[in-house]
Amino acid sequence: MTEIRFLLTIAQMTFLEAIKKKFILIIIVTTAFLLLLNLTCEAQVNINGESKNLSRFGAFFFFYLVGLWNIGISLQITSSLISEELENKTYILFLTKPVPKIIYYLGKTLGILFIIFANSFLCFGIYSVSNYIRYNYFFITLWQSFLPMILGYILLVSIVLAFALLMNKTSSLIISSFILFFSFIIDSFHYESNIDKIISNIGNFYIYSKIFYWITPQFGTLTFYSSSLFESSISQVHYLGEYSIYQIILWILLVWGFLFVYLSRREFHE
């Protein structure tokens, strides 16, 4: 019970510390402006005499905008908070409490995830309610598509945290970003069956890329799968998206298993 209370306290402290960052202010101002702009736009437009409904395009735009912001929070805020804490030695709190270090960093992770959830729920919530009031339509698929992405954010925050503990802020940011974008590139090759068929004739490149596809964190596939859920158009390769969910869960367990061993051996000094 003490450990749970301590974990939630650290999560709350991390949340309050993170929302003071300038990056969060940029997200709030930019998103608020775009939501306000969306309210002033007409969903029906005439193109060559034909009426087009743009409300779905707006939902798709906010789906990717929120995803982009959440990636930024995972990378920037996590690396910044952990690195600053190590430099300023504000981790002394867990040295004075009889609580495992892994609980402390689980609390830090949970605090950052609270920001990601708050950002997503506020943006999706405001957009969904305004869209329902104006057009009597609620984008339930927008919320369904967000659920698998939660696992991706948990893994990304965990990876950034691990590298921030091992290295410095800049290195953790660069390496984590590389893993993320490498995943998107490799996954795009093999998730789309047409591209997969084209590169299947490129010998060793196809073999190696396929190996990387199956073993590296499938952030790209998870995002493509979530996008398919939003569009309600699950393709014939939907099983790859379902596989990515289990693969991401496995990676989360591996990263935290590593952190458990690493933190149990690392000595922190005042």
Side-chain angles (χ1 to χ4, degrees), residues 7 11 14 66-79 81-83 100-117 120 144-167 169 171-192 196 207-229 237-266:
L7 184 146
T14 302
V66 170
L68 182 64
W69 286 143
N70 288 341
I71 288 174
I73 292 171
S74 303
L75 293 170
Q76 177 64 31
I77 300 300
T78 305
S79 61
L81 288 180
I82 302 302
S83 298
K101 286 173 277 190
I102 193 72
I103 297 296
Y104 177 81
Y105 283 106
L106 275 170
K108 302 289 285 187
T109 301
L110 189 60
I112 296 168
L113 290 173
F114 281 165
I115 297 178
I116 290 175
F117 296 153
S120 304
Q144 292 173 340
S145 61
F146 173 68
L147 294 177
M149 295 296 293
I150 293 174
L151 292 172
Y153 300 136
I154 294 174
L155 178 58
L156 185 57
V157 171
S158 303
I159 288 174
V160 178
L161 184 147
F163 282 117
L165 286 170
L166 290 167
M167 305 174 186
K169 175 182 176 180
S171 298
S172 65
L173 198 57
I174 292 174
I175 295 174
S176 301
S177 298
F178 174 79
I179 293 173
L180 178 67
F181 293 114
F182 178 79
S183 166
F184 270 89
I185 294 171
I186 290 295
D187 291 3
S188 65
F189 288 161
H190 300 287
Y191 187 79
E192 294 295 335
D196 185 75
I207 296 173
Y208 293 140
S209 65
K210 199 75 171 180
I211 292 173
F212 278 117
Y213 174 74
W214 290 112
I215 65 175
T216 54
Q218 293 191 351
F219 292 111
T221 298
L222 191 69
T223 302
F224 303 148
Y225 177 64
S226 297
S227 177
S228 297
L229 290 177
V237 293
H238 64 87
Y239 63 89
L240 294 178
E242 294 166 359
Y243 167 81
S244 71
I245 292 175
Y246 297 110
Q247 198 240 35
I248 291 289
I249 292 174
L250 177 60
W251 266 106
I252 292 172
L253 295 175
L254 288 173
V255 171
W256 280 99
F258 165 78
L259 284 171
F260 177 80
V261 174
Y262 173 76
L263 289 170
S264 64
R265 296 180 178 180
R266 175 167 176 173

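Every value quoted in this text rests on a predicted model; they were computed, and no experiment measured them.
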Is any side-chain heavy atom of Leu263 closer than 4.5 Å to a side-chain heavy atom of Leu165?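 Sidechains of Leu165 and Leu263: in contact.
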With [X], which residues qualify under side-chain contact (heavy atoms from CB on, under 4.5 Å), at least two apart?
X: Ile150; value: Phe117, Phe146, Leu147, Ile154
X: Ser172; value: Ser79, Phe163, Ala164
X: Tyr246; value: none
X: Ile207; value: Asn204, Ile211

Please list, chain by chain and in numerical order, all residues satisfying ring-ring contact (aromatic ring centres under 6.0 Å, His included) with [X], sequence neighbours excluded.
X: Tyr208; result: none
X: Tyr213; result: His190
X: Phe181; result: none

For [X] and [Y], which heavy atoms make the closest approach, and how far apart are they?
X: Ser74; Y: Val157; value: OG-CG2, 3.6 Å
X: Leu75; Y: Leu173; value: O-CD1, 3.4 Å
X: Phe219; Y: Ile248; value: N-CD1, 4.3 Å
X: Gln247; Y: Thr216; value: NE2-O, 2.6 Å
X: Leu229; Y: Pro148; value: CD1-CG, 3.7 Å
X: Ser176; Y: Ile159; value: OG-CG2, 3.9 Å

Distance-only check: which donor-acceptor pairs under 3.5 Å involve side-chain atoms of residues 252-260, not counting sequence neighbours?
unit_1 : atom_1 : unit_2 : atom_2 : d
Trp256 : NE1    : Ser158 : OG     : 2.8

Donor-acceptor pair, [X] side chain versus [Y] backbone, under 3.5 Å?
X: Tyr105; Y: Ile82; answer: no
X: Thr221; Y: Ser244; answer: no
X: Thr14; Y: Gly111; answer: no

By side chain to side chain donor-acceptor pair (under 3.5 Å), which residues pair with [X], not counting sequence neighbours?
X: Trp69; result: Thr31
X: Ser177; result: none
X: Ser120; result: Asn70

[X] side, atom [atom1]; [Y] side, atom [atom2] - distance, nearest 0.5 Å:
X: Leu113; Y: Leu156; atom1: CG; atom2: CG; result: 10.0 Å
X: Ile77; Y: Ile112; atom1: CD1; atom2: CD1; result: 8.0 Å
X: Gln76; Y: Leu81; atom1: CD; atom2: CG; result: 9.5 Å
X: Thr223; Y: Tyr225; atom1: OG1; atom2: OH; result: 13.0 Å
X: Leu7; Y: Tyr104; atom1: CG; atom2: OH; result: 11.5 Å
X: Leu222; Y: Leu155; atom1: CG; atom2: CG; result: 9.5 Å

Set out, in order, the CA-CA distance, both residues' side-chain angles and the distance that settles side chain to side chain contact (heavy atoms under 4.5 Å, CB included) for Gln218 and Trp251, then state yes or no. CA-CA 10 Å; Gln218 293 191 351; Trp251 266 106; over 6 Å; no
When you look at Met149 and Val66, which way does the side chain to side chain contact (heavy atoms under 4.5 Å, CB included) test go after all the steps? CA-CA 11 Å; Met149 295 296 293; Val66 170; over 6 Å; no
Might you confirm whether atom CZ of Phe182 has over 12 heavy atoms from other residues, nucleotides or ligands at distances under 6.0 Å?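 Above 12, so yes.
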